[in-house]
Protein chains: 2
Amino acid sequence: MNVTINDVAKAAGVSTSTVSRVISDSPRISEETKQRVRKVIKELNYHPNAIARSLANKSSKTIGLILNTEAETLVRNPFFIQAMTGISQYAQENSYNVMFAYNKSEDGDLDIAVRYVNSRSVDGIILFTSRTNDKCIGFLTRNNFPFSVIGRPDQTEGVLWVDNDNFKATNQVTNYLIMKGHSRISFLGGPQDHNVSRDRWEGYKKAMTVHGYSIDKSITFQDGSFSEEFGSECMLNMISAKEKGTPLPTAIVTSDDMQALGVLKAMRKMNVSGIAVTGFNNVPISLYQNESFTSVDVNASKLGFFAAKLLIGKIEGRKNLPTHYIVPTNLVEVKPFY
Amino acid sequence: MNVTINDVAKAAGVSTSTVSRVISDSPRISEETKQRVRKVIKELNYHPNAIARSLANKSSKTIGLILNTEAETLVRNPFFIQAMTGISQYAQENSYNVMFAYNKSEDGDLDIAVRYVNSRSVDGIILFTSRTNDKCIGFLTRNNFPFSVIGRPDQTEGVLWVDNDNFKATNQVTNYLIMKGHSRISFLGGPQDHNVSRDRWEGYKKAMTVHGYSIDKSITFQDGSFSEEFGSECMLNMISAKEKGTPLPTAIVTSDDMQALGVLKAMRKMNVSGIAVTGFNNVPISLYQNESFTSVDVNASKLGFFAAKLLIGKIEGRKNLPTHYIVPTNLVEVKPFY
DNA sequence: TAATTTTATGCAACCGCTTACACAACACTA
DNA sequence: TAGTGTTGTGTAAGCGGTTGCATAAAATTA
């Protein structure tokens with residue numbers, strides 16, 4: 001039905017191997033023959049069949065992407081789609097395709113990984129998860145299947161990963177607040193089974209102790225979810241603690257913009273103001289506020305880009321490759337509503 | 001390296017064709033043999049190679065997705081990622097893979113489509129674009145390549161598409177405002193080269209005329225972009241027109257939540273209040289406001305789901321399939337900040 | 001019991017491309 | 001001039017499956 005390498009070979013009066021070699025620009029073919037074959041290829045509008053090529057090369061030139069996140073998060077946090085654009089960009093630059101599968105169920109990601117690996121439809125996988133003891137990582141490692149992870153995993157031994165320096169990020173943002181004159185600074189952390197949560201906590205702690213400020217347990221919260229609810233809850237908590245004599249913080253370092261939004265909503269609700277809030281991800285919250293709000297932009301598309309770079313480097317067996325990339329973050333002052 | 005159908009055949013003492021038939025559960029194989037072969041398959045942990053299968057079947061069992069949207073839009077509007085989850089869901093239920101490629105450049109989508117089609121790495125394509133005279137649609141149609149479109153295209157002849165009833169949506173939301181007592185209602189439209197813009201305009205117009213309300217040209221705006229800027233611009237425009245005697249509307253029907261946000265920001269800036277605003281897409285804007293704000297949820301994941309359904313139906317040559325689906329919308333009252 | 005049909009399986013070609021190896025033609029060396 | 005090396009191209013065997021056709025064995029019919 002479609003024009004194949006055979007048709008080209010016949011039309012050009014050469015063998016298929018010659019055509020194949022012309023396509024890959026092999027030095028073993030004379031310039032003359034190359035010209036002739038290329039002309040026929042143009043005329044017949046021939047394009048190699050990617051699947052046949054994959055079979056012969058034992059390589060699909062495709063990377064798989066597994067999204068195993070709550071739809072809610074996917075929708076509110078542009079992180080994922082941004083990372084995906086970065087992945088797609090690097091993949092295209094290197095003639096790779098990108099497959100993705102979304103599955104929100106627990107262990108759904110593992111099922112997909114198993115399918116990808118067994119059917120050999122992808123050459124490697126990019127994981128978004130970075131939970132401690134991730135099952136996918138275990139599975140892929142055991143099967144010696146190329147993969148890279150967005151978010152530093154628990155066990156980095158033999159794993160390719162990209163991440164921000166989360167320690168540095170909260171350290172920086174805390175220092176920034178301190179520089180602005182704050183000393184009583186609250187902290188809201190993320191789930192304890194994410195490394196990112198521990199790093200962010202340490203970064204905050206370091207900045208505080210270096211400046212000689214105490215860490216008040218009553219205004220630091222850990223093992224929370226990256227959600228609005230958790231943010232509101234913590235803020236309300238602090239507001240009610242105030243009545244029992246615990247003064248409110250003058251600034252709050254949160255681990256996610258959703259948390260920050262929750263904090264701001266609770267502040268608004270309880271008519272509290274004048275507290276500087278910081279978050280992560282530069283989510284387009286666009287809220288009307290006269291509060292000071294700063295977000296750490298994690299540069300998600302770069303994270304995706306480098307995750308793809310690491311993975312494809314591994315697939316192609318390139319030598320002397322880094323095992324990870326640290327993508328810089330930058331502070332973004334979120335413009336108030338007016 | 002990996003266990004193939006040959007290994008299974010040898011181990012089970014049958015031919016590869018028998019193994020193949022066992023896998024596809026052919027009725028021509030005896031129950032006894034099936035059992036035996038299946039046992040070997042388990043023991044050897046055999047999984048068919050998807051690529052070899054694709055080559056033999058001349059079908060990749062993969063659909064391609066082309067994202068050709070400004071990164072800014074992709075990030076702010078959850079529409080795309082939502083649609084993608086819907087597509088992925090239907091694809092998985094039907095054993096299809098999903099490939100995606102992101103390219104924001106003008107005609108980048110066409111390049112990707114050409115690559116997908118020529119290399120035959122996908123069996124069909126889902127387009128997000130619905131610009132009038134879309135080049136991709138033309139290309140795919142000419143090549144008789146299966147595709148479906150999210151967003152009713154200009155020429156529906158022979159095209160599979162899904163969309164909301166955009167006429168009905170703005171009609172409904174306008175009626176809703178009228179029901180609430182509004183009669184002087186402004187309208188902000190989208191780009192004229194999108195069908196959706198015309199439909200939304202007509203829906204608004206119909207509701208207004210049916211109720212005998214005039215359409216005041218000075219408070220209706222068309223051919224705008226789906227952006228905050230356009231929203232602000234129109235609002236500022238109306239505010240300054242007020243000084244020249246044109247009264248402000250009491251409600252504004254916009255074609256996008258970003259436009260609505262722009263309107264709200266401009267109102268805030270100019271200290272105008274008490275105008276009901278509506279938008280589209282149920283974007284998580286989370287703004288602090290005491291204004292009334294209603295969004296039309298377009299049910300993006302359903303749109304994706306049905307686009308995949310139409311496409312896969314076409315690919316598999318199913319008969320008596322619909323040529324399009326209309327996905328219902330629903331009004332969402334966006335909760336104010338408190 | 002022989003003829004016919006049904007059932008279960010194997011053979012081999014094919015999907016479209018890559019590549020190790022063979023080999024002819026020519027150029028160079030001794 | 002025979003021997004050796006280089007260059008350009010073809011042959012054929014894969015890659016890992018699917019499937020039309022042939023066929024042997026078993027079941028059915030007359």
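Predicted model only: the values in this text are computed from it and were never measured. We name chains A, B, ... by the order of the sequence lines, and we start the count at 1 in each one.
At least one side-chain heavy atom of B:Ile137 sits under 4.5 Å from a side-chain heavy atom of B:Val149. With a 4.5 Å cut-off on side-chain heavy atoms, B:Asn97 and B:Ile63 do not count as touching.
Pairs of residues two or more places apart, or lying in two chains, never qualify as ring-ring contact (aromatic ring centres under 6.0 Å, His included) while including a residue from residues 18-45 of chain B. Evaluation of the salt bridge (charged side-chain N to carboxylate O under 4.0 Å, His left out) test over residues 303-321 of chain B, restricted to residues two or more places apart or in two chains, returns B:Lys61-B:Glu316, B:Glu316-B:Arg318. A ring-ring contact (aromatic ring centres under 6.0 Å, His included) check over residues 57-98 of chain A, counting only residues at least two apart or in different chains, returns the pairs A:Phe80-A:Phe128, A:Tyr90-A:Phe305.
The side-chain contact (heavy atoms from CB on, under 4.5 Å) search around B:Arg21 returns B:Ser17, B:Ser26, B:Arg28, B:Ile29, not counting sequence neighbours. For B:Pro328, there are no side-chain contact (heavy atoms from CB on, under 4.5 Å) partners, not counting sequence neighbours. Partners of A:Phe100 according to the ring pair (Phe, Tyr, Trp, His ring centres under 6.0 Å) rule, which considers only residues two or more places apart in sequence or in another chain, are B:Phe100.
Remark: B:Thr4, B:Ile5 in residues 4-13 of chain B come within less than 4.0 Å of DNA chain D through at least one heavy atom. Residues from residues 30-39 of chain B that place a heavy atom under 4.0 Å from any atom of DNA chain C, listed by number: B:Ser30, B:Thr33. Listed in residue order, the members of residues 14-22 of chain B having a heavy atom less than 4.0 Å from DNA chain D are B:Ser17, B:Ser20, B:Arg21.
Distance A:Arg120 CZ to D:dG16 C1': 9 Å, rounded to the nearest Å. Rounded to an integer number of Å, the gap from CG of A:Asn49 to P of C:dC15 is 12 Å. The separation between A:Asp25 atom CG and D:dG8 atom P is 13 Å, rounded to whole Å. Distance, B:Leu55 CG to D:dG14 C1': 13 Å, rounded to whole Å. Between the CD1 atom of A:Ile29 and the C1' atom of D:dT6 there is a distance of 15 Å, given to the nearest Å. Distance, B:Leu44 CG to D:dG16 P: 15 Å, rounded to whole Å. A straight line from NE2 of A:His47 to P of C:dC17 spans 12 Å, rounded to a whole angstrom. In this entry the distance linking CD1 of A:Ile23 with C1' of C:dT18 reads 10 Å, nearest Å.
Side-chain nitrogen and oxygen atoms of A:Arg53 include at least one within less than 4.0 Å of the OP1 or OP2 phosphate oxygen of C:dT18. Taking side-chain N and O atoms only, B:Lys58 has a distance below 4.0 Å to OP1 or OP2 of C:dG16.
Using five terminal pairs a side, the axes of the helix from C:dT1-D:dA30 to C:dA30-D:dT1 at its two ends make an angle of 50°, given in steps of 10 degrees.
With hydrogens and angles disregarded, a donor-acceptor distance shorter than 3.5 Å links the side chain of B:Ser88 to the backbone of A:Tyr102. At least one donor-acceptor pair under 3.5 Å links the side chain of A:Ser119 to the backbone N or O of A:Arg115. Between the A:Asn164 side chain and the A:Val298 main chain, a donor and an acceptor come within less than 3.5 Å of each other.
For A:Tyr46, taking side-chain heavy atoms from C-beta onward, the closest of the listed nucleotides C:dC15, C:dC17, D:dT9 is C:dC17. The side chain of B:Ala56 has D:dG17 as its nearest neighbour among D:dG17, C:dG16, C:dT18.
Distance check, rounded to the nearest 0.5 Å: CG of A:Leu311 to CD1 of A:Ile87 gives 9.0 Å.
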Per-pair distances, 0.1 Å, donor-acceptor, side chain in residues 48-55 of chain B, under 3.5 Å, sequence neighbours excluded:
{"from": "B:Asn49", "atom 1": "OD1", "to": "B:Ile51", "atom 2": "N", "distance (Å)": "2.7"}
{"from": "B:Asn49", "atom 1": "OD1", "to": "B:Ala52", "atom 2": "N", "distance (Å)": "3.0"}
{"from": "B:Ser54", "atom 1": "OG", "to": "B:Ala50", "atom 2": "O", "distance (Å)": "2.9"}
{"from": "B:Ser54", "atom 1": "OG", "to": "B:Ser59", "atom 2": "O", "distance (Å)": "3.2"}

List, one per line, each side-chain donor-acceptor pair under 3.5 Å for residues 35-46 of chain B, sequence neighbours excluded.
{"from": "B:Gln35", "atom 1": "NE2", "to": "B:Glu31", "atom 2": "OE2", "distance (Å)": "3.3"}
{"from": "B:Arg36", "atom 1": "NH1", "to": "B:Ala12", "atom 2": "O", "distance (Å)": "2.7"}
{"from": "B:Arg38", "atom 1": "NH2", "to": "B:Asp25", "atom 2": "OD1", "distance (Å)": "3.2"}
{"from": "B:Asn45", "atom 1": "OD1", "to": "B:His47", "atom 2": "NE2", "distance (Å)": "3.1"}

